[in-house]
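Heads up, the thing below is written out as structure tokens.
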Amino acid sequence: MTIEIPSDLWNRGARHAARAVGDSMVDAGIGNGDVVFFRRTRNVQAARGHVVVCRVNSGIYIKRLVLEGDELRFESDNVAAAYPAIVIKPDDEVELYGVVVLRN
């Protein structure tokens, strides 16, 4: 399936797309079934505080990247559901795919 990236998001660096599953990011404006567009980065520092697409072990997630000291975690943006954060442990396999380009 081919998805066309909207020109305003293309102009802001979006080159890839992912489909959200679930309601964990509704307060960031991302609902179940929404397509999000993202720009590639593997730089955790540059992605700090942003909504990202990432892989933790065998799961693919759209979450907010939080880096505090040596702790890396991925948090949901849904205050009503209070999903627990994914706190990265030393033996976890983590791959940062990119930063989601949100419409303002």
Side-chain angles (χ1 to χ4, degrees):
M1 176 205 278
T2 302
I3 297 174
E4 186 173 326
I5 299 172
S7 62
D8 62 321
L9 300 181
W10 179 271
N11 292 337
R12 293 177 43 217
R15 298 295 184 270
H16 307 277
R19 186 171 306 276
V21 176
D23 67 350
S24 69
M25 296 302 290
V26 295
D27 292 330
I30 302 168
N32 185 42
D34 286 352
V35 174
V36 298
F37 300 95
F38 63 98
R39 68 180 187 283
R40 287 289 276 177
T41 186
R42 296 190 188 281
N43 185 325
V44 171
Q45 288 292 339
R48 179 185 211 168
H50 293 278
V51 175
V52 301
V53 178
C54 62
R55 179 182 61 80
V56 178
N57 300 316
S58 62
I60 306 293
Y61 301 94
I62 300 170
K63 299 289 181 193
R64 187 167 305 279
L65 188 151
V66 178
L67 183 62
E68 291 180 343
D70 290 338
E71 182 180 83
L72 172 63
R73 66 183 182 273
F74 297 100
E75 296 182 348
S76 298
D77 278 7
N78 183 336
V79 295
Y83 289 99
I86 300 168
V87 179
I88 303 305
K89 298 176 285 312
D91 58 336
D92 286 331
E93 291 182 21
V94 178
E95 184 174 2
L96 177 61
Y97 293 131
V99 173
V100 173
V101 179
L102 296 171
R103 287 196 159 102
N104 294 330

Q. Tell me, do Val100 and Val53 make a side-chain contact under 4.5 Å, heavy atoms counted?
A. yes
Q: Take Asp77 and Val26, measure what side-chain contact (heavy atoms from CB on, under 4.5 Å) needs, and give me the verdict at the end.
A: CA-CA 6 Å; Asp77 278 7; Val26 295; over 6 Å; no
Q | Ser24 to Lys63 - nearest heavy-atom pair and separation | A | OG-NZ, 3.0 Å
Q) For the residue pair Val52 and Leu96, what are the closest heavy atoms and their distance? A) CB-CD1, 3.7 Å
(Q) Using every non-hydrogen atom in the two residues, find where Asp27 and Val79 come nearest and quote the distance to one decimal. (A) OD2-N, 2.7 Å
Q: With rounding to the nearest 0.5 Å, note down the distance linking CE in Met25 to CG in Asn32.
A: 13.5 Å
Q.
Would you say that Val99 contacts Val51 through its side chain, given a criterion of any heavy-atom pair below 4.5 Å between the two side chains?
A. no
Q. Between Val56 and Tyr61, is a side-chain contact (heavy atoms from CB on, under 4.5 Å) present by the stated rule, with each step listed?
A. CA-CA 8 Å; Val56 178; Tyr61 301 94; 3.9 Å; yes
Q | Within-4.5 Å side-chain heavy-atom neighbours: Cys54 and Glu95 | A | no
Q. Do Arg39 and Arg12 have side chains that get closer than 4.5 Å, going by heavy atoms?
A. no
**Q.** Pair Asp92, Asn57: side-chain N/O donor-acceptor within cut-off below 3.5 Å
**A.** yes
Q. Taking it one step at a time, do Tyr97 and His16 satisfy side-chain contact (heavy atoms from CB on, under 4.5 Å)?
A. CA-CA 9 Å; Tyr97 293 131; His16 307 277; over 6 Å; no
Q: Please report the closest heavy-atom contact between Ala17 and Val35, naming both atoms and the distance.
A: CB-CG1, 3.9 Å
Q. Any side-chain heavy atom of Phe37 within less than 4.5 Å of one from Leu102?
A. no
